[in-house]
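This structure is a prediction, so every number in the text was calculated from the model and none was measured.
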Amino acid sequence: MASQATVPTPLASTSTVMNTDSGRLLVSPPQNSETAPPRRYQELSSRVLDGGIAVGIAVVAQLLMAGIQGVLNVNSNKVEFPPSVVAMAAIFGLFCACGCIFPGAEDFYRNHLKRPADLLNRHMSIGFTIPFLMICKGSLTDVWVIGPIIGCFVLTGLFNTVLSYVLALPLQCLMVRWDSGSWSSSDIEKGSPTTEKERQNPKLRSPVKSVCDSMDTEDFSLGVPPPESMTPDSKASPTHPLSFSTSAKLWCLANPMLLLMWTLTLTIGLPLRVCLALDTPLSTLLLFALWLSTLAIQSSLKTSPYLRPFARTLLSGLFNAVFWTSLTMAAYLLLDGHLSSRPFQAMLTTLESHNPFSSALLNSFSVPLTAGDVALSILNAGLVSWGLKLYEYRLQLLSRAGLTVFTVSSLIALGNVSCGPLLAHTMGVAPQGRALAFAARSVTLALGNPVLDTLSADKSLNAAMVVISGIVYQMSLGLGVGRFLEKHLVNIGGRDDHTNDTTTTITTSKGENDPRTVAAGVAVGINAAAMGTAYLYETKSEAAPYSALSMMALGIMTVVFSTIGPLVSWVLGSVGA
């Protein structure tokens, strides 16, 4: 499957701070409202700066991809390897080289680039919405068409989940040695040691012992930020009611982009559509406005104090940002098509021309950009920024656990590319494009798109599979399946201090290099992609980094295998393409 800058710092009187970029709606009023606006203005200026740097990273990414595409076009008649992946590798190599030459490279990344990269990473998921919506182009109403797809989807999901865990567990066991009843490894892989007293009382453990404890909990998320912790003081502190004007000011300060997008939609996009019949400005602005609004509602559900924990998990999982943004965009297309007497299929073509910003640069903008092209450009820029994430996780990549993650991800990627379409074709999935979509069945769309382009596979079906897999896995982990694995397979457990209810946290006091922790992270990352990884980060799981690494490794290796000519020819011949 499947995506999204710092964890907000709690105020003295409250721990729930609104995150502008993820569109959080709920605001706990500060104890002293007189000091709130200055602090809010400081947070706003910091987020604006991060947003500006994120835009700069996106622009640099587009220029880099355009340059790489131009070089590849000159030196090859048919470019198969995607420029976005080459650019991601180039960014990773560049920062690794700079880290070896300049001692301050790590501090520079942490202080200036990490938050903007996380911001871009979080909102790159908007690029999934239009491909997901394009499933309406196909005919999926016949039970004889949907039945084989659902059957193959369920079968491959179960098989990949079991296989990834079964492969990762013994392989990681070979990477470490058994010592006094616990798994041991090098200090660089385990982190700081945990004393027996700390094991008996998890609250005594160092807050930065785990690899993921020092990372942003919103990395790779699909707009599902973690619930903020409430300190005992903040729970007991009385709050003073705020006036309507103060509350409105705080909401505007915390949601400037959401407010700006709706304002531009109503004042610029709508008049241009009515007066000049221009579709792109309105559809683009509306797409961003709906995306931020959906994230805001999802965050409200996830942090609502009026819902029980299981209800928050269920509702926030069902209110997936990609799904509901696509659904509301479909409603807009139906309404606009009815008012302008255009069929729905014709309206779909106004959203996508497969011409992202990097390609438009090479073609001198001969083809106008659409809303889907803008969203795809953000998705590609987020993919390039993953090179920064690879640099951030370089210690885990170079560890023995990193070797396990890479090996298992490569094997699953090879199996998906070579056997996924063949299995789908055998089960009756037709036409060939839909069967070929199973080659990237659980690859996040940022990396799956190049594979689908190479194989001429059905992007909309693939997007639907990735999003649905993410929803199913995230909800399953939160609603009990994780507790079953905790008891019988992973031996994990934890207590959510935010809700005082037992929840699933895939972590272990034996160190994040424990084979069961690594195997759990690999299984979640390979099958649940961005949404499952986001869940692990929210629960402060030590498996989260390995989930993120396996998600990226699976996608990268799927792209690599899809560029091998003989393998691709065999796959295409097997499904009759």
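Rounding to the nearest 0.5 Å places CG of Asn363 at 9.0 Å from CD of Gln69. Of the inter-residue distances, the one linking Trp262 atom CH2 with Ser293 atom OG reads 5.0 Å to the nearest 0.5 angstrom. Once rounded to the nearest 0.5 Å, the distance linking CE of Met551 with CH2 of Trp386 reads 4.0 Å. Here the straight-line distance linking atom CG of Leu334 with atom CZ of Phe344 works out to 5.0 Å at 0.5 Å rounding. If you take CD on Gln298 and OG1 on Thr325, they are separated by 9.0 Å, rounding to the nearest 0.5 Å. Between the CH2 atom in Trp324 and the OG1 atom in Thr294 there is a gap of 9.5 Å [rounded to 0.5 Å].
Between Asp336 and Ser340 the shortest side-chain heavy-atom distance falls below 4.5 Å. Taking 4.5 Å as the limit, some side-chain heavy atom of Trp291 sits within range of a side-chain heavy atom of His123. Put simply, the side chain of Leu351 reaches to within 4.5 Å of the side chain of Ser283, judged on heavy atoms. Annotation: side chain of Lys459 is in contact with side chain of Asp453 (closest heavy-atom distance under 4.5 Å). When side chains are defined from C-beta on, Val466 does not count as touching Val443, because their heavy atoms never get closer than 4.5 Å. For the pair Leu423/Leu155, a side-chain contact is recorded, criterion being any heavy-atom separation below 4.5 Å from C-beta on. Taking the side chain as every heavy atom from C-beta outward, Met65 and Asn380 approach each other to under 4.5 Å.
Side chains of Thr370 and Asp373: a donor on one and an acceptor on the other come within 3.5 Å. Using modelled atom types, one finds no donor on one side chain facing an acceptor on the other under 3.5 Å when comparing Ser353 with Asn355.
Here Phe357 pairs with Phe365 under the ring pair (Phe, Tyr, Trp, His ring centres under 6.0 Å) rule; sequence neighbours left out.
A side-chain donor-acceptor contact under 3.5 Å links Arg312 to the backbone of Ser304. No donor-acceptor pair closer than 3.5 Å links the side chain of Asn527 to the backbone N or O of Ser469. At distances below 3.5 Å, at least one donor-acceptor pair connects side-chain atoms of Asn462 with backbone N or O atoms of Ala437. With hydrogens and angles ignored, the 3.5 Å screen pairs no side-chain donor or acceptor of Ser562 with any backbone N or O of Val451. A side-chain donor-acceptor contact under 3.5 Å links Arg434 to the backbone of Ala430.
Of all non-hydrogen atoms in Leu362 and Ala66, the two that sit nearest each other are CD2-O, 3.4 Å. Of all heavy-atom pairs spanning Tyr332 and Leu282, the tightest one is OH-CD2, 3.6 Å. Between Arg441 and Phe153, the shortest heavy-atom contact is NH2-O, 3.0 Å.
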Taking it one step at a time, do Asp50 and Lys114 satisfy salt bridge (charged side-chain N to carboxylate O under 4.0 Å, His left out)?
CA-CA 9 Å; Asp50 290 341; Lys114 185 182 187 311; over 6 Å; no
Tell me, with the steps shown, if Ile68 and Leu64 meet side chain to side chain contact (heavy atoms under 4.5 Å, CB included).
CA-CA 6 Å; Ile68 292 174; Leu64 184 59; 4.1 Å; yes
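Using the six-membered ring where Trp is involved, Phe132 and Phe323 have ring planes that are perpendicular, over 60° apart on the 30 and 60° scheme.
Exactly one of Ile378, Leu379, Leu369, Leu376 qualifies for a side-chain contact (heavy atoms from CB on, under 4.5 Å) with Pro356. That residue is Leu376.
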